[in-house]
Number of protein chains: 2
Amino acid sequence: MTTQRRLILASLDALDTHPTAEELHAIAVQQDPSLNLSTVYRTLRWLEQEGLVSTRRFDEPRRQDRFDPMLPSQHHHFICKSCKNVIEFDLPALGDIQQDFEHLHQVRIESASVVFYGLCTACNRQNGPVESEAERELSQRT
Amino acid sequence: MTTQRRLILASLDALDTHPTAEELHAIAVQQDPSLNLSTVYRTLRWLEQEGLVSTRRFDEPRRQDRFDPMLPSQHHHFICKSCKNVIEFDLPALGDIQQDFEHLHQVRIESASVVFYGLCTACNRQNGPVESEAERELSQRT
DNA sequence: ATATTTATTGCAAATCATTTGCAGTAATAC
DNA sequence: GTATTACTGCAAATGATTTGCAATAAATAT
Ligand SMILES: [Mn+2]
Ligand SMILES: [Mn+2]
Ligand SMILES: [Zn+2]
Ligand SMILES: [Zn+2]
C-alpha cells in the first residue's frame with residue numbers, strides 16, 4: 001500500500017458512483033497533482049485482483065470500464081437506459097437460486113452479477129414505448 | 001437484408017458458442033472470401049439494434065465483445081473462470097424478482113442479465129480454493 | 001544510518017478492439 | 001435505362017487500456 005494506492009482507494013470509496021478510471025483520476029489528482037492515469041489503472045487492476053474492487057461494464061454502448069468498491073456485501077444494479085442512473089440493490093433471493101444451480105450442474109459459483117436495464121421513474125414518463133421494425137426477420141430463423 | 005448480412009446472421013445462428021466478431025468473420029469469410037471484418041462489426045451492431053443479437057461482455061479480462069443470437073427466450077450464463085466454458089440457463093424465478101423490483105422502485109425493466117462466475121465440474125477438482133491476502137485491508141475501510 | 005534490493009511510479013509509446021470516412025458496388029425506385 | 005439510396009471493402013482513425021523503461025520511493029540488509 002503506497003501513498004498513491006491509498007489515495008486512489010480512498011477516492012473511490014468516497015464516491016457513491018461507479019467512476020471510470022479517468023473520473024477517478026480527475027478526483028484523486030487534486031490531492032496529488034503528479035498522480036498519473038496509468039497508476040490509477042494499475043492500482044484498480046491490482047485492487048480487482050485483491051478482491052477489493054470490481055470492474056463493471058454495464059455501460060450499454062461501447063465505453064469505459066467503471067469501478068465499484070467491493071464493500072462487504074455483493075450488490076446488483078438497475079441501469080436506466082435513458083439517463084444512465086443506477087439503482088443498487090441486494091438480492092437475497094439469489095442465494096437459493098445459486099445453490100440450486102450449483103447442485104443441478106455440479107459447479108461452484110464464486111460470484112454473481114445481476115443487471116436490470118430499463119427506464120427509471122422519471123424517464124419512464126417522458127419516453128414512449130420503443131418499436132422494433134425488423135422483428136419479422138425472426139420468422140426467417142430457426 | 002443483404003447477402004453479407006444474411007451470411008453473418010446465419011453463421012452466428014449456426015454456432016452454439018458466443019463468438020467474437022473476429023471468430024465470426026473467420027467462419028463467414030469461408031463462404032464469402034471478400035467479406036470484411038468491418039462489415040461484420042457493422043452488421044452485428046445493426047442486429048443488436050434490431051434486437052436480434054445481444055452483445056455480451058462477460059470475458060473476465062479485458063477483451064473482445066462476444067455476440068449472442070437473441071433467439072426468442074432470454075437466457076443467462078454461467079462462466080467457468082478457469083476454462084471459460086459457458087453454461088446457458090433459463091431463470092423463470094427472475095420474473096417475480098423483476099416485478100417486485102419494478103413495483104418497489106417504480107421503474108420499468110426491459111431486460112435483465114444474470115451471470116454466474118465460478119468453476120465448472122472439471123475445473124473444480126483440479127484447482128484448489130483461492131486465497132486473497134489483502135483481505136485485511138478491508139478493516140481500514142468503512 | 002548507509003548501502004542494497006525490490007517494488008512502484010510517471011511518462012511516452014504501443015496495443016488492440018472497434019469505429020469511421022470515403023470511393024466503389026449493389027440494390028431499389030423511377 | 002438512369003437516378004437515388006443503402007451497403008461494402010479498405011485503410012486510416014479512434015479511444016480505452018496496457019506496457020517498457022528509466023527514475024523514485026519503499027523495504028531490507030549490513
Ligand atoms: Mn455498485
Ligand atoms: Mn448465450
Ligand atoms: Zn432515467
Ligand atoms: Zn472449467
Side-chain angles (χ1 to χ4, degrees), chain A residues 1-12 17-50 52-68 84 132-134 136-137 140, chain B residues 1-12 17-50 52-68 84 132-134 136-137 140:
Chain A
M1 264 288 169
T2 63
T3 320
Q4 291 92 331
R5 288 181 176 184
R6 215 179 311 277
L7 169 60
I8 290 164
L9 184 52
S11 306
L12 178 59
T17 59
H18 300 93
T20 63
E22 268 188 287
E23 290 169 351
L24 191 53
H25 175 252
I27 287 170
V29 80
Q30 295 175 231
Q31 319 273 67
D32 173 358
S34 78
L35 178 68
N36 192 274
L37 179 58
S38 23
T39 303
V40 175
Y41 271 110
R42 270 190 291 236
T43 299
L44 286 167
R45 295 305 175 203
W46 175 76
L47 288 167
E48 187 177 39
Q49 274 218 326
E50 300 294 334
L52 300 180
V53 160
S54 78
T55 303
R56 309 283 181 182
R57 313 187 217 277
F58 45 45
D59 263 336
E60 278 279 14
R62 162 111 286 73
R63 221 130 23 62
Q64 288 152 278
D65 285 350
R66 297 192 163 269
F67 300 90
D68 200 359
K84 309 296 177 195
S132 150
E133 351 183 340
R136 85 192 71 106
E137 282 294 340
Q140 314 263 353
Chain B
M1 264 287 169
T2 62
T3 320
Q4 291 92 332
R5 289 183 175 181
R6 215 180 309 277
L7 169 60
I8 290 165
L9 183 53
S11 307
L12 178 58
T17 61
H18 301 93
T20 63
E22 268 187 288
E23 290 169 351
L24 190 53
H25 174 252
I27 287 169
V29 81
Q30 295 175 228
Q31 318 274 65
D32 173 358
S34 78
L35 178 68
N36 192 274
L37 178 58
S38 20
T39 303
V40 175
Y41 273 110
R42 269 189 293 234
T43 299
L44 286 167
R45 295 307 175 202
W46 176 74
L47 288 167
E48 186 178 37
Q49 274 216 328
E50 300 293 333
L52 300 181
V53 161
S54 78
T55 303
R56 309 283 182 181
R57 313 186 217 277
F58 45 44
D59 265 335
E60 278 278 15
R62 161 115 286 72
R63 222 128 24 64
Q64 290 152 277
D65 284 351
R66 296 192 163 270
F67 299 90
D68 200 358
K84 309 296 178 195
S132 151
E133 352 184 338
R136 83 191 74 103
E137 283 293 341
Q140 314 262 354

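Labels below follow one simple rule: chain letters A, B, ... track the order of the sequence lines, proteins then strands, and each chain is numbered from 1.
Atom CZ in B:Arg6 sits roughly 15 Å away from atom C1' in D:dT8 (whole-Å rounding). Remark: C1' of D:dG9 and CZ of B:Arg5 are 14 Å apart, rounded to the nearest angstrom. Distance CG (B:Asn36) to P (C:dA17): 15 Å, rounded to an integer number of Å. For the pair A:Glu23 CD and D:dG15 P, the interatomic distance rounds to 16 Å; values are reported in whole Å. What separates CG of A:Leu7 from P of C:dT8 is a distance of 16 Å, to the nearest Å. Distance NE2 (A:His25) to P (C:dT9): 12 Å, rounded to an integer number of Å.
Under the 4.5 Å side-chain criterion, counting only non-hydrogen atoms from C-beta, B:Leu47 is in contact with B:Thr43. Taking 4.5 Å as the limit, some side-chain heavy atom of A:Leu12 sits within range of a side-chain heavy atom of A:Val53. Counting heavy atoms from C-beta on, the side chains of B:Arg42 and B:Thr39 come closer than 4.5 Å.
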statement: Under a 4.0 Å heavy-atom criterion, the protein footprint on nucleotides 16-28 of chain D, written with B, S and -, is SSBBB-----S--
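Considering every non-hydrogen atom in both B:Val40 and B:Ala21, the closest pair reads CG1-O, 3.7 Å.
Remark: the A:Thr55 side chain and the A:Glu48 side chain contain an N/O donor-acceptor pair separated by less than 3.5 Å.
Looking at the side chain of B:Gln4, the nearest of the listed nucleotides D:dC10, C:dT8, D:dT8 is D:dT8.
Under a 4.0 Å N-O distance rule, the pair A:Asp65/A:Arg45 qualifies as a salt bridge.
Rounding to the nearest 0.5 angstrom, the gap separating the NE2 atom in A:His25 from the CG atom in A:Asp32 is 8.5 Å. A distance of 11.0 Å separates CE in A:Met1 from CG in A:Leu7, rounded to the nearest 0.5 Å.
Sorted by residue number, the list of members of residues 26-33 of chain A with any non-hydrogen atom under 4.0 Å from DNA chain C is empty.
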